[in-house]
Structures are given as C-alpha cells and as structure tokens.
Amino acid sequence: MDTKISDIIARLFDVTVDVKVTRPDPQFGDYATNVALQLAKPLGKNPREIAETLATALRETGEYAAVSVAGPGFINVTLADTALLAALAARPVQARLNESAVIEVYNPNPFKDLHIGHAYNCITADTLANLLEQRGATTHRVSYHGDVGLHVGKSLWAILQFIDGDVAKLDAIPENERAAFMSRMYVEGARAYKDDETAKEAIERLTKQSYGFEDAFEQQVYDVCKAWSFDYITATVARLGSKPAERRYLESEADTLGVETVKQHVGSVFEESDGAIVFPGEQYGLFTNVFVSSRGTGLYAARDLGLMQLKQRDFSPQKSYIVTGDEQRAYFNVVIKAAELSLPELKDVTVNIPTGTVKLSTGKMSSRTGDVLNIEWLFERLHEAASERGDVQEAVIIAALRYAFLKVRIGSDIIFDVNEALSIEGNSGPYLQYAHARARTILAKSKQTGMQPADLDAAERTLVSKLGEYHEVIQAASEQLLPHLLCTYLYELSQTFNRFYEQSRVIGDAREAQRLFIVERYADTLRDGLTVLGIPTPDQL
RNA sequence: GCACCCGUAGCUCAGCUGGAUAGAGCGUUGGCUUGCGGAGCCAAAGGCCACAUGUUCGAAUCAUGUCGGGUGUACCA
C-alpha cells in the first residue's frame, strides 16, 4: 500500500516521498498515513486539500472498502473483508534469506555459578536468533566460556583443598549437588585469595597453569569439574527454554590466535606501552585498552579478537551478534574498532547488543558481593510462588520468566517481580498461555470444521484485522531485533480476542464454522508468536 | 574530569524513523455474572511525558543545556 500511495503522489504532485503506513486506532480504519501533512509544506498547499485529492485517487483504484480524511489531514483506509482475510495468509518478507548469522547465545564461565543476568542474556539471545530465522536467516548458535584465568585458579585451589588428594571425594558428591558445590568452592577460593598470602600464591600458580597443568592430578580434577560445569550450564539453558549452542568456544582456544593477531599489528593498529600491547582507542573517540599484558599473556580483548576469527572460519557469517550487559558496551566498541583495523575482512560483522540489568522488585539485585542472585535461587522462588497457586508446570515457569524478560525493550533494566511474572492476569507469559489454551478448548469442543467467512461482522472484523498485523510485527521485531514488539502485539491480540469472545458466541451460533475459522487462526497465531519467544503452548493447562 | 545509557500515571512498562483525545498491566473504586475455561469484559479516578530553551504548521518523540539515577574509563572477565 505504501508504494501504491507514493506512486499516486508521484503522478499527481510529481514528488517522491517515502510513504509510511501505520496501524491506527481501530475506530479510524485498518491503515492510516500522514503523508498529506508531510507534503503540505513542500507543496505549499493545505494538508486537508492534499489528503482529499489523494483519498479520491485511492478510492478510484476500487481496492479499498473506504478511504476517508480526518483530523488535520490523515488518510484512513478501510480494507474490504476479503482483503482482510487474505492478509491472514501473508508471511513475513524473507529479507534475510541469504544471510548467515552467528549469535552467542550464552557465555557463563565454568567454575562459577550462574546468575540471573546469564539467564536474561541467554533468553534474549535465543529469541533474537528465532527472530532472525523468521526473516529467513540461517543462524548458528554458539557459546563462549572462560575456561582459563583467575576464577579457575580460585575455584580449583578450593576444590583441591577440599578433596585433599583423594578424587573419591569428588565422586561422592551427588550430581544434583555439584552446582552448589562448585559455587561454594569459588566463594571460598576468592576469599582465600584475598585473605591468605600462601593461598594467593598457590592460586596464582594454578591460574598460570590453567591452560595445561604440570601435575596430572590437578589436570584430572580440572577436567572433571569443568565437565560438571558444562553439564550444569547445558541443563540450565534447557530449563530456560533456550535452544542449545551448536558450537562451544573456549577462551583457551581463542587466546593464541588473538595474541598472534595483536602482535602482527603492533605499530600499525596496536602499540606497546609500559611493556603491554594496547589499542590506542582515544584516537577514535574510544578508550585505550590493554590487549596483551606486560607478561605477554592474552587478555579478554585479545581473545575476543581470536574468537571473531574462529567464528568466521567456522561459519563465515555476514553478522555476528554478541548480547552483553550494557557495562560492556564501551569495551566492545573498542574491540570492534580494533578488529576492523587489524582484520578488515571482518568489518561490520560483529554487532554488540547491550542489555540492561536485572533487578528484583524486592530491592535485592544482581551484585558482585556475596549477595548472589543465582539462577537456582530464582528457580526456587518461581517454584515456590507457583506451588502457592496450585500445581507447578515447567512450561508455565518458562513462560513467566521468558515473557517477563522479553516484554521490556532491550536496553532498559528489568525489574523482576516473581509474582507478577507468574500471574495469570494481565500482561504475562502464563496469561498468554492460558489465552491460547482457552481458544484450543473451543476448537476441541466444536463438532464442526472451520470455514473461511465470506464477510465479517464488526467484532469478527476487528479481530481479523488485528490477526493480519502479525506478519508485519514479526517483520518489525526481526528487522529491529526487538522481541518486545512481539510481546506487546500478542498481548493486544489476546485483548482483542477477549472482546470478540465476550459478545460473539462460537459454538451453537449460526456462524459457528466461520467463527471457528477465525478462532483457529487466532490460536495458531498465538502459538506461532509464543514459539518465536521460546514459550511453550500446551493445549491445556 | 570525560564518554555513554536512562528519567512517561502510586508501581511495572509501551509509545521515541515528529502528527489525530499520551496507552497497557498491577493496585484503587463501581458495574456485568446459571459463562464456548469470568484467569474475562465495561467504566471511573490517576500524567505540566524530570526541568528549561530551541527547531517545526505540529515535540513525550529531534537539538542544546540543567538537574537526578546508572555504567565505563590500561594489564579482571
């Protein structure tokens, strides 16, 4: 429709404009545009006059049920029922059909526990991957983990103290207690590092050797515990309703390549400073960051440079997305700039998507101190709250968590309220699951089969019009990588349905078959949309 | 200090590629109620869209500044 209108404008007024068609308040029609207002100035004419001229031309096409001019010069278009019904079959434009994208879907470090921020980033990244797929992109979900470094030294030191030379002590820890054990060990190691001088020395030795231990026993303990960590991470990702990564990258494997790259570009991109190799980001309005330490070891930034190349080698993507907390925004600007200069073939590939912080409505928040807000704690709270309401279903827990995170625009902080998330009233994941199940029940109860209506009554019309918006929303959400647009739409859709449902009987009505058709489209649309959000849609709850 | 992000109803958030009375949910108040799952529907109260100036026919939306909150700023990840 937008191109049609701009064609008409070109013909009548001899100007080219990018016409934007929007979905107005239903009282005005199905579509609206304010081009007439925009044209008023350049054409030096009254906007209402322009609008009337355009409206007449649009009416003459005979394609629309009604075209009217309102307010200062809005053109409102009402589609014919047949056009409205035809729109139900529309699919999102596959604009990314030839695009291959890599996306880091989760990246917690082994030997440490998982906190609420990991859950948020994981759910967001997983959903972004789904959205890219909706537009036809091929996606590769990968993960990236710090398997070397100080945190490993701290944890391993405490673990070694605990087992005291006897691996059997590790075997004695039941599977379901391993995560808690590891978490405890990290805290203990971190404390010893701070308070105990001899422990600190031992931890530093272990840290240096985390690429490969001289002692076979230490290596064995490291391997066992690392495997535990990854088992736990994998299991947690599944619990969050996210899809697994197809390739796991480790900092230890990205390190060599990254350090090499940095060293190759000393003098051109990087420079030496106090024995370290730094990227002088100030020249580009960024900040200067150390890539290789004065000890010659690769730092996080160098490893990211290595990782970029590994991803490129494995998948040669057009885009590579990294979802992180906002506090890493400036850091990634530096790394991306450094990559662009040292690896020109990677220009414009890596995109950092900064997210907000998850805080709790109770005031407690994600923190670095002992006040850990880990994922286990979160799941416990969700289960508690769910059991207070009756039965606990994993599908509902996933819906509560994912929807609460996804309904807010990416970038702003999430104030998470367990009870609100689980609520079956209002704008929540469980509510939408319920709305879906209720529609399925109607379909199951009827003995008739759906039949596409030839025309629509007022309530049906409003619902069908809203349903026709689905593919537009998917497109917008995918284009802008904003899942909350889909959340908002699905909730509005369910509200529209409830209004329809309030006044339109389905089973037993003369229009039963026609309405079944619409209800089915509604249920399918909800299922489709919730699936993109990674939310399960059981037929019954 | 400098840079970036944020500031919309009591609370949690949409709306931000400028346009029609600033919208939802929760909470509050009132109504619908033998119902295809009422976990809903209808209605009311509640907003100088942090503040100021500017650009514009038109600003919650753009620009500049002020105030308030957050984050980053060299060998952690």
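Sequence lines set the chain letters: A, B, ... in the order given, protein chains first and strands last, and positions in each chain run from 1. Heavy atoms only: backbone and side chains are in, while hydrogens, waters and symmetry mates are out.
Taking the P atom of each, B:C48 and B:G10 are spaced 7 Å apart, rounded to whole Å. Comparing the C1' positions of B:G70 and B:C26 gives a spacing of 26 Å, expressed to the nearest Å. Here, B:C49 and B:A20 have their P atoms 16 Å apart, quoted to the whole Å.
Candidate nucleotides B:A39, B:A14, B:G25 were compared by shortest atom distance to the side chain of A:Ser412, and B:A14 ranks first. Distance from the side chain of A:Val408 is smallest for B:C13 among the nucleotides B:U17, B:G40, B:C13. For A:Leu299, whose side chain is taken as the heavy atoms from C-beta onward, the closest listed nucleotide among B:A20, B:C75, B:G19 is B:C75. Nearest nucleotide to the A:Ala70 side chain, out of B:C36, B:A74, B:A20: B:A20. Side-chain proximity of A:Arg329 to the nucleotides B:C75, B:C41, B:C5 is greatest for B:C5. Here B:C42 is the nucleotide among B:G25, B:C36, B:C42 with the atom lying nearest to any side-chain atom of A:Arg499. Closest approach to the A:Ser294 side chain among B:G19, B:A39, B:C75 is made by B:C75 (side chain taken as heavy atoms from C-beta onward). For A:Glu327, counting side-chain heavy atoms from C-beta on, the closest listed nucleotide (B:A24, B:G72, B:C75) is B:G72.
Side-chain atoms of A:His145 never come within 3.5 Å of backbone atoms of A:Asn109 as a donor-acceptor pair (strictly under, hydrogens ignored). A:Glu188 contributes no side-chain N or O that, together with a main-chain N or O of A:Trp157, makes up a donor-acceptor pair within less than 3.5 Å.
Distances shorter than 4.0 Å separate some side-chain N or O of A:Arg438 from OP1 or OP2 on B:G38. At the phosphate of B:U12, neither OP1 nor OP2 sits under 4.0 Å from any side-chain N or O atom of A:Ser428. Residue A:Asn109 places none of its side-chain N or O atoms closer than 4.0 Å to OP1 or OP2 of B:A77. For A:Tyr501 and B:G38, the shortest distance from a side-chain N or O to OP1 or OP2 is below 4.0 Å. In terms of phosphate contacts, A:His484 brings a side-chain nitrogen or oxygen within less than 4.0 Å of OP1 or OP2 of B:G15. Phosphate proximity of B:A20 to A:Gln27: absent, as no side-chain N or O sits under 4.0 Å from OP1 or OP2. Phosphate proximity of B:G15 to A:Arg409: present, with a side-chain N or O under 4.0 Å from OP1 or OP2. Between A:Lys445 and the phosphate of B:C36, there is no side-chain N or O to OP1/OP2 separation shorter than 4.0 Å.
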Audit row: A:Arg438, A:Asn498, side chain to side chain donor-acceptor pair (under 3.5 Å) steps and yes/no: CA-CA 10 Å; A:Arg438 195 161 62 145; A:Asn498 283 333; 2.4 Å; yes
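Not a single donor-acceptor pair, N or O on each side, falls under 3.5 Å between the base of B:U71 and the side chain of A:Gln328. Put simply, the side chain of A:Asn76 and the base of B:A20 share a donor and an acceptor less than 3.5 Å apart. Applying the 3.5 Å distance criterion, the base of B:A39 shares no donor-acceptor pair with the side chain of A:Ser423.
Taking atom CG on A:Asn427 and atom C1' on B:C11, their separation rounds to 15 Å, with Å as the unit. The CG atom of A:Leu463 sits 15 Å away from the C1' atom of B:G40 (whole-angstrom rounding).
Seen from the ring of A:Tyr144, A:Arg248 does not count as a face-on cation partner, given the 6.0 Å and 45° thresholds.
Across the strands present, B:U29 finds its partner in B:A43; the criterion is a Watson-Crick or G-U wobble pair with both atom distances under 3.5 angstrom. With a cut-off of 3.5 Å on both pairing distances, the Watson-Crick or G-U wobble partner of B:G23 is B:C13.
Closest approach of A:His265 and A:Ser342 over heavy atoms only: NE2-O, 3.1 Å.
The side-chain contact (heavy atoms from CB on, under 4.5 Å) with A:Leu360 is formed by just one residue from the set A:Asp417, A:Ile415, A:Val418, A:Ile116; it is A:Ile116.
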